[in-house]
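Notes follow the structure.
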There are 2 protein chains.
Amino acid sequence: MSVTEEELGLRERKRLATRRAIQFASVELASERGFDRVTVDEISHAANVSPRTFFNYFPSKESAIIGELPELPDEVTVERFVSAGPEEPILVGIAELLIMAIDDADFGGEESGDEVDGRGAHRLHELRRALFKDNPQLFAMRISSMHKFEDELSAVLERRLAHDDPELTREPEALQRRARLIMLVAFAGMRHAWTTWASRGGAGPLASLLRSSFAELQEFARSTS
Amino acid sequence: MSVTEEELGLRERKRLATRRAIQFASVELASERGFDRVTVDEISHAANVSPRTFFNYFPSKESAIIGELPELPDEVTVERFVSAGPEEPILVGIAELLIMAIDDADFGGEESGDEVDGRGAHRLHELRRALFKDNPQLFAMRISSMHKFEDELSAVLERRLAHDDPELTREPEALQRRARLIMLVAFAGMRHAWTTWASRGGAGPLASLLRSSFAELQEFARSTS
DNA sequence: CTGCAACTTTGCATAGGCTGCAATAATTGA
DNA sequence: TCAATTATTGCAGCCTATGCAAAGTTGCAG
């Protein structure tokens with residue numbers, strides 16, 4: 001039961017609607033014509049706002065298209081991951097974190113569509129996925145825009161590593177480096193999942209492909225050590 | 001003994017010189033003022049060319065700053081990697097390939113500076129390294145511009161995997177996916193090395209940090225399997 | 001329900017990246 | 001030395017993006 005859009009004043013509801021209208025227009029036009037054959041003017045016109053207003057909502061054309069950035073799940077879930085213990089394979093845990101982080105509708109599985117909430121949101125996500133499938137450069141842009149998320153994930157991994165082996169906290173630098181390395185490997189897994197998904201024409205839920213990629217990662221780790 | 005700049009006509013030598021002048025001006029001005037507080041006009045002026053000429057040499061301001069893209073070493077070296085055999089740890093081999101690919105001066109160790117060839121090239125590389133150290137975003141740009149290299153490396157890894165285990169060629173798709181996964185992990189290692197380098201203030205040769213990062217990668221692989 | 005405060009939308013002006021085109025200039029090879 | 005090739009440049013123009021101030025909305029207290 002998401003809180004979105006219930007109990008909001010007219011002002012905020014309008015804002016939400018405008019935001020979505022712009023995103024929708026962006027993604028739809030980019031799907032039809034390609035990212036750089038659409039102008040902000042055209043998008044704004046399709047969304048019934050002035051070009052200037054477009055830039056009040058998004059800092060760049062790109063950002064209107066690539067969608068919301070991932071966010072770590074709630075602290076309870078994070079804490080469960082952190083304290084899962086050293087026996088629990090870390091890659092599996094990370095995969096689940098990522099699946100949650102990257103927003104069900106965008107990345108995910110079932111999607112019970114009866115919520116009034118996500119009227120257009122669902123369709124927007126589908127369009128965006130199709131767009132990304134045909135434009136790897138957009139996926140690359142999306143990845144590049146995740147610096148903040150990278151740092152957050154890195155911090156969580158640090159907690160996990162410290163919890164698994166308290167010894168490590170005696171060398172904070174090494175701990176941090178290790179966390180960052182694992183974060184980068186996780187991102188490699190994410191990119192891999194996406195590549196696989198795209199090369200198969202976008203069939204199947206991304207979430208399960210992500211699990212597969214992380215399994216292959218595990219397998220590679222085994223074979224190389 | 002590099003072939004560069006020997007036995008070239010006046011025309012090509014001028015072209016080379018102009019190219020370097022532009023790169024130098026770009027990097028120097030960006031160091032002083034930051035990437036987006038320098039205009040192409042200013043760079044062009046500093047390099048004594050018209051702004052229009054700037055864009056005859058580089059497709060974007062960015063590309064003048066980030067420098068040449070990495071290239072795989074010669075086929076002999078690549079073939080040695082491909083046929084190293086399954087007992088040879090693949091990550092070590094990849095690390096050496098990367099070190100060669102990313103251009104000694106840019107990434108590397110000693111650099112015997114007595115070549116007449118790299119008069120300004122050496123200083124340019126140093127400046128660029130310093131610039132990258134303080135601007136992680138530029139390093140990110142550089143990484144993003146390596147799509148072609150990613151594919152090349154992926155192809156080499158495919159050959160290596162097929163050579164190590166000919167069975168794999170019976171499932172070309174799986175082979176390709178595996179190669180790509182390893183390539184992405186290798187890039188993770190590269191980013192990690194660079195992060196470490198930058199966070200330590202740019203001390204020490206990048207090549208050895210790359211080896212360290214790949215060793216940590218190996219260590220992580222062992223610990224997680 | 002009125003009117004003020006807070007916020008949003010918009011137009012306008014401007015900077016800066018980037019491209020096509022056509023004129024001019026330099027280099028090369030015969 | 002001349003003609004072909006290639007390089008440089010200016011110019012006009014399109015597009016993204018930002019600051020600023022005017023005009024329009026919404027929300028809320030009286």
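Residue numbers begin at 1 in each chain, while the letters A, B, ... track the order of the sequences.
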Q: Please figure out whether Glu62(A) or Asn48(B) has its closest DNA chain D nucleotide nearer the 5' end.
A: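 By nearest-heavy-atom nucleotide position, the 5'-most residue is Asn48(B).
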Backbone N or O of [Y] within a donor-acceptor pair of the [X] side chain at under 3.5 Å?
X         : Y         : value
Trp197(B) : Leu206(B) : no
Ser208(B) : Gly204(B) : no
Glu96(B)  : Gly93(B)  : no
Arg129(B) : His125(B) : no

Would [X] count as a cation-pi partner of [Y], with NZ or CZ less than 6.0 Å from the six-membered ring centre and within 45° of the ring normal?
X         : Y         : value
Lys61(A)  : Phe35(A)  : yes
Arg142(B) : Phe132(B) : no
Arg123(A) : Phe24(A)  : no

Q) If you draw a 6.0 Å radius around CD in Glu75(B), do more than 12 non-hydrogen atoms from other residues or ligands fall strictly inside? A)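 Result for CD/Glu75(B): enclosed.
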Q: Please check if atom CD in Glu71(B) has more than 12 non-hydrogen atoms from other residues, nucleotides or ligands closer than 6.0 Å.
A: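 No, not enclosed.
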Can you tabulate the close N/O pairs, meaning under 3.5 Å, that link protein atoms to atoms of nucleotides 24-30 of chain D?
residue	atom	partner	partner atom	Å
dT25(D)	O2	Arg11(A)	NH2	3.4
dT26(D)	OP1	Lys14(A)	NZ	2.4
dT26(D)	O4'	Arg11(A)	NH2	3.4
dT26(D)	O2	Arg11(A)	NH2	2.8
dG27(D)	OP1	Leu10(A)	N	3.0
dG27(D)	OP1	Arg11(A)	N	3.0

Q. What heavy-atom pair brings Phe187(B) and Leu153(B) nearest, and what distance separates the two atoms?
A.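 So the two residues come closest at CE1-CD2, 4.1 Å.
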(Q) Within residues 54-61 of chain B, which residues have any heavy atom lying less than 4.0 Å from an atom of DNA chain D? (A)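 Heavy-atom cutoff 4.0 Å gives Asn56(B), Tyr57(B).
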Give each protein N/O atom lying under 3.5 Å from an N/O atom of nucleotides 11-14 of chain D, with the pair distance.
none

[X]-[Y] side chain donor-acceptor pair, cut-off 3.5 Å:
X         : Y         : answer
Asp151(A) : Ser154(A) : no
Ser50(B)  : Thr53(B)  : yes
Gln23(B)  : Glu28(B)  : no

Pairs under 3.5 angstrom, nitrogen or oxygen only, protein versus nucleotides 1-3 of chain D, please.
none

Q: Quick one: do Phe81(A) and Arg159(A) satisfy side-chain contact (heavy atoms from CB on, under 4.5 Å)? Show the steps, please.
A: CA-CA 9 Å; Phe81(A) 166 78; Arg159(A) 288 167 59 193; over 6 Å; no
**Q.** side-chain N/O Thr53(B) vs dT8(D) OP1/OP2, d < 4.0 Å
**A.**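 No, Thr53(B) has no side-chain N/O under 4.0 Å of OP1/OP2 on dT8(D).
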Q. First and last nucleotide of DNA chain C touching chain B, 5' to 3', heavy-atom cut-off 4.0 Å?
A.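 Going 5' to 3' along DNA chain C, contacts run dG16(C) to dT28(C).
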Q | Any residue meeting side chain to side chain contact (heavy atoms under 4.5 Å, CB included) with Ala64(B), in chain and number order, not counting sequence neighbours | A |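 By the side chain to side chain contact (heavy atoms under 4.5 Å, CB included) rule, Ala64(B) matches Ile22(B), Ser26(B), Phe54(B), Phe58(B).
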